[in-house]
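Report on the following structure.
Indexing begins at 1, ligand by ligand and atom by atom, following the structure's order. Keep in mind the model is a prediction, meaning the values are calculated, not measured.
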Amino acid sequence: AAVRQGIVDTVQKAVSDPQVKSVVICGQNGIFCGGADIKEFGKDISGPPLVPVFHAIESADKPVVAAIEGSALGGGLELALFCHYRITHSKARLGLPEVTLGLLPAAGGTQRLPRLIGVPAALDLITTGRHVTAAEALKLGFVDQVIDQNTVEAAVKFALSVVGQSLESRRISTLPCPCPDADALFEGVMQKVRQRARGAIAPVTCVQAIQAAVTLPYAQGMQREQELMATLFTSAQARALQYCFFSQRVVSRWSMPSGARWDTSKPKPVTKVAVIGLGTMGRGITVALAQAGLSVVAVETEQQQMIAGQRAVSDMLERAAQRRGVSSAVYRVRYSMKLEAVADVQLVIEAVFEDMVLKEQLFKQLSSICKADTLLCSNTSALDIDHLASQTRSPQLVVGMHFFAPAHVMKLLEVVHGPRSAPQAVATAMELGKRIGKVSVAVGNCRGFVGNRMLMPYSQEALFLVEEGASPEVVDRALEEFGFPMGFFRMSDLSGLDVGWRVRKADGLVKPGQMSRVRQGRRYCPLGDLLCEQGRFELPRGYRARQGLVSRRIDSKEVLERCLYSLINEGFRILEDGIAAGPEDIDMIYVFGYGWPRHRGGPMFYASQVGLDRVLQALEHYQQLHPDVPHLQPSRLLRKLVSSGSPPIHRWKEVIKKPHSAL
Ligand SMILES: CC/C=C\CC(=O)SCCNC(=O)CCNC(=O)[C@H](O)C(C)(C)COP(=O)(O)OP(=O)(O)OC[C@H]1O[C@@H](n2cnc3c(N)ncnc32)[C@H](O)[C@@H]1OP(=O)(O)O
């Protein structure tokens with residue numbers, strides 16, 4: 001609000017003062033403007049509206065030049081678009097990211113950008129919210145000059161040089177907004193955007209606003225932009241997306257149950273890393289590390305796997321180099337079939353087959369080959385990090401680094417600390433994650449850590465629903481309409497049904513050929529195992545008949561409640577156990593690693609929006625119907641939160657207080 005007031009006061013003075021011949025608008029400390037203060041949204045903070053004063057800039061009879069350094073994002077770029085000229089430093093980033101916050105650029109962005117750069121380019125920038133470099137902005141035509149020198153000085157010089165020149169063609173509001181074949185274009189774009197948006201309303205509303213730029217005169221288009229923004233501004237989706245923006249930053253400020261924290265733990269410098277195993281995960285991890293400029297030693301002891309892995313890594317790096325316009329020689333990857341090649345690295349990431357005996361053996365070997373201070377990390381998705389640590393001479397230097405496939409693409413990294421992991425080891429893994437562009441979340445050591453542990457009840461409910469009469473398509477449709485890119489069954493097919501089968505076998509749950517629906521004292525659905533055993537895909541009907549199960553109609557409400565609330569319930573148990581430091585950690589794991597729709601804010605945020613009492617009631621209801629399913633038993637923390645009056649999510653920590661740690 002204070003900045004808005006400052007802009008209003010200063011612009012009015014500059015525009016009306018006859019002594020002032022030209023004006024330069026710049027930011028402070030090398031940053032033009034990151035846009036509106038998101039923390040102000042939803043709060044009762046007054047301040048002057050900006051659009052009228054922005055129009056005063058445009059209609060000024062003296063040149064107004066934006067000197068853009070650092071960032072010009074959202075309202076910041078919109079301000080620059082009202083100026084007559086934009087001079088930009090080569091390192092600046094520009095964009096209209098409002099859509100990522102559940103909004104649209106409502107200070108004229110949807111009406112002015114298409115007039116300046118054309119409708120298709122504006123549709124792309126506004127519906128994706130992507131940031132572009134100064135060079136791309138110049139190419140697209142919304143900045144006038146890109147320079148490497150002092151931007152403010154150059155802008156002042158330029159502003160003085162154009163005094164007295166006509167500004168007519170520089171006023172974007174007066175430009176036409178041509179769009180041949182507008183109907184066909186918007187129909188196609190709308191279809192694509194809806195598909196990509198998976199239920200998010202902001203991208204669709206952005207398209208409607210840009211359509212107004214084509215169909216309405218400027219002033220009416222501006223009016224329409226305001227009306228559309230009003231539908232988004234207080235929406236639940238905007239709240240969820242803004243929660244995600246801040247949560248993504250919150251999780252980098254990690255803490256451990258011991259009290260160790262991000263701000264008191266210094267990471268060790270890492271320049272040389274080894275990856276053990278060149279299967280699917282090892283290949284992706286190698287590529288991610290090499291792309292971030294690290295020197296990588298990739299070890300694979302099996303010859304065929306080495307040949308295939310080396311080719312796959314080289315191909316991926318070649319494509320990355322082409323995209324960046326550099327030679328692939330910039331990437332430093334050395335391949336070896338001998339474990340001894342890792343002797344001089346500072347950090348090892350083991351990515352061999354998910355088999356405890358194999359990993360135990362490997363950690364013993366690594367512990368004797370590597371230097372005493374080398375960090376040993378395991379890319380396991382569920383195995384006990386503490387047990388692996390106990391195989392080494394320095395258990396404090398062992399952490400989990402759980403990547404998600406494909407590892408060079410997926411943004412999530414779970415950094416798993418065991419009870420003996422040193423804070424410096426966690427800090428180093430978190431820092432490495434950041435360097436390779438991951439959203440890294442520190443979590444405690446338990447079966448499945450956070451993400452996969454919560455997936456267990458979710459997947460079991462999906463199978464139970466099929467036992468009771470739902471088809472796999474019905475379950476998947478409900479989950480996909482909720483916003484997941486894939487329902488449980490499609491996801492299982494894609495990742496390979498045998499993956500879960502192997503885990504269940506290791507847990508002693510699989511009994512080949514047996515149909516019993518109780519295993520280890522609780523309800524169990526062997527359908528997935530039978531599919532794997534028989535290689536069959538149309539199993540449920542015959543299975544239900546053999547089990548004597550009476551099929552019933554199941555609606556999407558029940559699918560969502562049973563799959564999602566059981567997953568959420570496990571999330572509360574994880575918070576109770578101190579395995580995740582806060583609900584934001586769980587939410588970011590689900591948004592970045594498991595396809596949870598970002599516009600729903602993550603499972604714990606979703607629960608807070610649905611109402612904790614409603615989640616509790618639903619769980620109690622299903623638990624009564626299915627007393628043999630322990631994961632439907634509401635967690636203690638959920639009950640405690642409800643009896644504390646269901647506080648807002650940012651105050652849950654006060655109720656959790658001192659979590660007892662299960663570590
Ligand atoms: C009525 C609607 C009117 C206008 C519409 C808008 O303008 S909406 C806002 C549009 N702008 C954005 O979406 C920009 C968001 N910010 C960013 O993309 C990045 O933060 C940025 C500016 C590129 C800087 O990135 P960097 O990696 O350097 O820093 P970091 O992201 O860690 O941010 C530092 C701290 O600043 C806080 N912050 C950033 N932007 C905003 C913002 N727009 N409002 C409020 N706070 C913002 C961020 O949360 C960090 O805070 P911290 O407490 O340190 O976590």
Side-chain angles (χ1 to χ4, degrees), residues 1-4 7-8 27-54 68-82 88-89 91-113 125-134 137 202-203 205-206 209 222 225-235 237-255 261-263 411 430-431 433-435 437-440 582 584-585 588 598 650:
V3 173
R4 287 207 299 281
I7 292 172
V8 168
Q28 207 171 17
N29 302 328
I31 299 168
F32 184 72
C33 178
D37 182 344
I38 306 163
K39 291 193 183 105
E40 281 189 1
F41 295 170
K43 295 199 181 119
D44 191 17
I45 295 173
S46 61
L50 282 180
V51 174
V53 80
F54 283 3
I68 300 173
E69 301 169 292
S71 303
L73 298 168
L77 178 57
E78 289 176 298
L79 163 61
L81 290 174
F82 276 91
T88 306
H89 192 270
K91 296 226 164 78
R93 313 280 295 182
L94 305 95
L96 293 173
E98 284 87 340
V99 70
T100 64
L101 301 166
L103 306 174
L104 58 79
T110 64
Q111 305 304 298
R112 302 172 66 83
L113 195 63
L125 287 189
I126 294 174
T127 61
T128 61
R130 69 187 180 90
H131 298 185
V132 301
T133 60
T205 315
C206 284
M222 289 294 285
E225 183 186 83
Q226 285 304 307
E227 289 160 10
L228 289 168
M229 174 63 150
T231 66
L232 296 177
F233 196 66
T234 53
S235 69
Q237 292 197 2
R239 269 201 307 278
L241 287 159
Q242 289 156 27
Y243 164 82
C244 284
F245 175 84
F246 290 116
S247 296
Q248 191 175 336
R249 285 149 181 86
V250 164
V251 298
S252 62
R253 297 191 277 270
W254 57 271
S255 63
R261 293 161 47 97
W262 64 283
D263 51 353
K411 292 281 281 181
M430 290 292 284
E431 179 62 24
K434 187 172 166 193
R435 226 171 124 189
K438 304 294 177 203
V439 174
S440 308
E584 298 89 349
D585 299 77
M588 292 306 98
R598 194 178 164 94
H650 64 273

Location of contacts on [X] toward ligand 1, heavy atoms closer than 4.0 Å:
| X | value |
| --- | --- |
| R93 | neither |
| E40 | neither |
| L101 | side chain |

Do [X] and [Y] make a side-chain contact, defined as non-hydrogen atoms from C-beta onward lying under 4.5 Å apart?
| X | Y | value |
| --- | --- | --- |
| T128 | V99 | no |
| R93 | T133 | yes |
| L113 | L81 | yes |
| L94 | H131 | no |

Should [X] be counted as touching ligand 1, given the test is an N or O pair under 3.5 Å?
| X | value |
| --- | --- |
| L73 | no |
| F246 | no |
| E78 | no |

If you count the atoms of ligand 1 from 1 in the order shown, which ones are under 4.0 Å from a heavy atom of G35?
7 (O)
Is it true that D263 and R261 make a salt bridge, defined as a side-chain N closer than 4.0 Å to a carboxylate O?
yes
Which protein non-hydrogen atom lies closest to atom 3 (C) of ligand 1, naming both residue and atom, and how far is it?
A36 CB, 3.8 Å
Atom 12 (C) of ligand 1: which of G74, G34, A107, P105 has the nearest heavy atom?
G34
